[in-house]
Enquirer: 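One structure is given below, represented as C-alpha cells, and several questions about it will come after.
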Amino acid sequence: MNEKNELTVMERISDTVTETGARLAVKATNGLGILMTKRIGKVLVTLPLVLSMCTVTAYAADADEMINKIIELLKLWIPRLGGLLVIVGGIQLGIGFKDDDATGKTRGMQCMIGGAIVAAIGLMVSL
C-alpha cells in the first residue's frame with residue numbers, strides 16, 4: 001500500500017510541477033507579447049539575435065561563391081519573370097478588348113512592354 005501511496009504522491013508532485021511550468025510558460029508568453037508591443041521590447045528581443053549574427057565568420061571564398069550562386073539564380077529567373085509579365089499583360093490586354101475598356105488595354109500594353117524590358121535586361125545580363 002505504501003508503494004501505491006508513494007506513486008500517487010509522486011504523480012501529484014509531477015502534476016503540480018507540470019501545471020506550474022505550464023502556467024509560467026503562459027505568463028512568460030503573455031509578458032513577451034506585451035513587451036513586443038513596445039519599441040524597447042522589440043529591441044530587447046531582436047538585439048541578441050543581431051549580436052549573434054555579428055559573430056558569424058565569413059570567408060572571402062564563401063562570399064564570392066555565394067554571390068556567384070545568386071547571380072546565376074538571377075540570370076535564370078529574371079527572363080522568366082519578364083516572360084510571365086508579358087503573358088499577364090497579354091491577358092489584361094485581351095480582357096481590355098473584350099470589355100472595350102481603354103484603361104484595361106493601356107494597363108495590358110504597359111505590363112507587356114514592362115515584361116519585355118525585364119526579360120531583355122535579364123537576357124543581356126546572362127550574355
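In this chain, numbering begins with 1 at the start of the sequence shown. Model, not experiment: these values are computed from the prediction.
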Enquirer: Shortest non-hydrogen contact from P79 to L74?
Expert: CD-O, 4.1 Å

Enquirer: With the 4.5 Å side-chain cut-off for hydrophobic clustering, are M66 and L73 part of the same group?
Expert: no

Enquirer: Between E72 and K69, is there a salt bridge with N-O shorter than 4.0 Å?
Expert: no

Enquirer: Looking at every non-hydrogen atom in both residues, tell me the closest pair between I78 and V118 and how far apart they are.
Expert: CG2-O, 3.6 Å

Enquirer: For residues I113 and I121: do they belong to one hydrophobic cluster (side chain heavy atoms under 4.5 Å, members Ile, Leu, Val, Met, Phe, Trp, Tyr)?
Expert: yes

Enquirer: Evaluate the side-chain proximity of L85 to M112: yes if any heavy-atom separation is below 4.5 Å, no if none is.
Expert: no

Enquirer: Just verifying a value: how many Å separate T106 OG1 and L93 CG, rounded to the nearest 0.5 Å?
Expert: 9.0 Å

Enquirer: Ignoring hydrogens, what is the shortest heavy-atom contact between R107 and Q92? Give both atom names and the distance.
Expert: O-OE1, 3.4 Å

Enquirer: Using the rule that Ile, Leu, Val, Met, Phe, Trp and Tyr join whenever any side-chain heavy atoms are under 4.5 Å apart, tell me whether I71 and L76 fall into a single cluster.
Expert: no

Enquirer: Any chance you could measure K75, atom NZ, to N68, atom CG, to the nearest 0.5 Å?
Expert: 8.5 Å

Enquirer: State, with a plain yes or no, whether a side-chain heavy atom of D100 is found less than 4.5 Å away from one of K105.
Expert: yes

